[in-house]
Amino acid sequence: MDSIKKKRKPLTSNLITLAIVCVLFAVVFILVETGNATRHMRSMLVPICINIILAVSLNLTVGFLGELTLGHAGFMSVGAYAGCLFSIAMEEILPMALRFPLAMLVGGLVAACFGVLIGIPVLRLHGDYLAIVTLAFGEIIRSIIINLEFTGGAAGLKGTPQDSTFVIAFVVVLITLVVIMNLVNSRHGRAITAIRDNRIAAEACGINVTYFRMLAFVIAAFFAGVAGVLYGHNLSILSASTFDYNKSIELLVIVVLGGMGSIRGSVISAIIITVLPEALRELDDFRMLIYALVLIVMMILNASPRFAALKGKLNYKALADAVRAKSASSKANKGGQTHE
Amino acid sequence: MNKMVPLPSKAIVPERDADKLPILDVRHLGIDFGGLTAVDDFNFTMGRTEIGGLIGPNGAGKTTVFNLLTNVYRPTRGSILVDGVDTLGMSTHQVNKLGIARTFQNIRLFSNMTVLDNVKVGLHNSTKSNLWASVTHGFGYYKAERQAKERALELLSVFHMQDLAGAEAGSLPYGAQRRLEIVRALATDPGIMLLDEPAAGMNPSETTELMENIRKIRDTFQIAIMLIEHDMSLVMGICEGIAVLNYGKIIAKGTPDEIKSNPAVIEAYLGKKGA
């Protein structure tokens with residue numbers, strides 16, 4: 001019976017994730033406020049948040065639904081353009097406090113609509129086929145945006161108010177985390193994970209597979225859109241070329257590195273993958289080489305069972321047990337000595 | 001060669017169910033895969049609390065029948081009435097809502113999920129919480145989850161598996177996985193449960209226990225159970241009506257005693273005398 005694995009309670013695990021994120025935020029926030037953060041560091045804060053949102057939402061389709069999608073950057077770009085165009089149009093009319101949340105909502109909803117439109121043909125497929133078709137759709141979206149007038153074409157979209165701040169981005173990260181974690185631990189999330197584990201059995205349990213695949217796909221698209229709006233409001237110019245398949249692959253790298261189906265993993269690896277290329281900037285020519293090497297090493301480490309065992313040993317509970325056992329044995333020794 | 005005349009299908013519905021609408025009424029069901037006729041002219045009726053058996057040599061088309069009944073395959077001919085409703089054109093999940101649940105020959109659990117969550121997936125359609133509740137964990141989410149958990153533990157206790165609720169389904173021993181599949185099917189609140197080789201890989205004492213449990217499930221939940229099984233002691237022990245399938249056709253139908261002495265069945269299993 002030793003082989004039966006007990007699963008940890010998801011609720012505690014989620015609270016730990018939220019706690020980690022909040023503590024990280026507090027530390028960074030204090031650093032920024034006390035003037036201890038360099039300008040370079042500060043410029044990375046919003047991109048980190050954006051990548052966390054993107055990775056966590058992509059994890060919903062890749063990790064929980066179990067479908068490899070390579071068009072996440074496409075949804076991000078749709079959201080970014082929709083949100084930015086909205087903000088530009090409303091800049092004079094609405095105050096920032098109202099305009100920016102609305103812009104994010106608009107961006108998310110437009111991306112979600114695209115999720116439905118693209119999902120209808122794409123979700124007829126599975127596995128490799130689905131991956132390639134989503135890749136193609138991402139590229140189609142990008143080339144359409146480049147060729148449209150009102151999106152600024154290849155030159156990019158200028159004039160978006162720079163509303164993104166670290167605090168706002170962090171709030172959106174929190175909302176994303178809570179929504180996705182809640183969803184995963186619910187009737188709907190169970191249906192989505194059941195489809196991943198066994199589609200035929202899920203259907204035989206009365207789950208409308210088409211609906212739930214679409215649901216996961218659309219929710220992921222929504223948050224990608226919101227992240228896109230944050231992105232668009234962080235830079236002075238929005239250019240469609242940043243949303244190519246390299247961006248989608250980068251997001252996939254984050255999800256795979258963090259562990260598919262692990263929200264906390266996605267958060268941590270989003271931070272690492274965003275900071276790493278910047279931290280290696282001093283290496284100049286060797287930067288991408290070292291980056292690639294670090295990635296390879298991390299992937300191998302993460303996939304190795306020995307490293308997993310080590311992580312198991314290092315977790316809080318195991319450490320506490322070890323300390324208790326040690327103190328108990330030393331007490332026992334002492335007791336023995338006095339007896340002598 | 002013996003003439004294969006199936007008995008009229010009403011004959012095997014037990015008397016206690018005879019005056020009620022059958023839970024399952026299959027008429028002239030058939031499917032062709034390309035030029036191959038996998039199942040042909042399959043007629044079968046199940047009473048509301050009947051335990052029925054479907055037996056036959058390997059490749060006879062038994063699992064194909066199950067896949068037809070659950071609309072995994074679309075029949076080429078014939079009709080399936082579940083509780084009097086024709087399932088033509090429905091998808092598998094709709095057929096489940098009508099009242100057909102099943103297990104699989106090669107176990108299909110949600111192996112990365114816990115035992116409890118596997119059963120909760122079975123309870124999917126009876127858990128009342130909408131998308132908004134799922135996302136916010138408000139609006140009756142906790143109540144619905146608590147009810148689902150209680151119900152799931154209750155169902156697991158049928159097989160004394162409630163202590164395994166937190167375990168990962170894929171790490172359970174083989175027999176427990178088979179039992180979990182039955183519990184999950186039961187969770188969908190079916191009118192009829194289709195069990196595809198429930199005793200496969202079980203030892204004789206486990207099989208006996210399973211037999212008692214199947215009977216217990218029928219009695220407590222008042223549902224019909226149809227099973228495919230190669231273990232004759234199980235089939236003859238609990239089935240009230242048995243259909244024998246060979247090359248996609250029913251070659252005999254009747255009570256266990258009738259089946260045991262039917263020359264066509266003996267021939268299908270053991271070959272022709274003197275051949």
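Values below: every heavy atom of this structure, side chains too, minus hydrogens, waters and symmetry copies. Per chain, numbering begins at 1; letters A, B, ... match sequence-line order.
The only member of B/Val121, B/Asn118, B/Val119 that meets side-chain contact (heavy atoms from CB on, under 4.5 Å) when paired with A/Cys205 is B/Val121.
Listed by sequence position, B/Arg184, B/Thr188 are the residues of residues 180-190 of chain B in contact with chain A, using a 4.5 angstrom heavy-atom cutoff. Residues of residues 107-131 of chain A lying within less than 4.5 angstrom of chain B, judged on heavy atoms, are absent. Among residues 82-103 of chain B, the residues having any heavy atom closer than 4.5 Å to a heavy atom of chain A are, in sequence order, B/Thr92, B/His93, B/Asn96, B/Lys97, B/Arg102. Contacts from residues 125-142 of chain B to chain A, taken as heavy-atom pairs separated by less than 4.5 Å, involve B/Asn125, B/Thr127, B/Ser129, B/Asn130, B/Leu131, B/Ser134, B/Val135, B/Thr136, B/His137, B/Tyr141 in sequence order.
With chain B as the partner, the residue from A/Ile200, A/Val178, A/Leu183, A/Ile180 showing the most heavy-atom pairs under 4.5 Å is A/Ile200.
Summarising the geometry, atom CZ belonging to A/Arg187 is positioned 10.0 Å from atom CD belonging to B/Glu145; distances are rounded to the nearest 0.5 Å.
The two atoms that bring B/Met113 and A/Arg190 nearest to each other are CE-O, 3.7 Å, heavy atoms only. Scanning all heavy atoms of the two residues, the minimum distance from B/Phe110 to A/Asn198 falls at CE2-O, 3.5 Å.
For A/Ile195, no part lies under 4.5 angstrom from a heavy atom of chain B. In this structure, chain A has no heavy atom under 4.5 Å from any part of B/Leu123.
When the shell of 6.0 Å around CD of B/Gln162 is examined, it contains more than 12 heavy atoms from other residues, nucleotides or ligands.
The shortest distance between side-chain heavy atoms of B/Asn112 and A/Thr193 does not fall below 4.5 Å.
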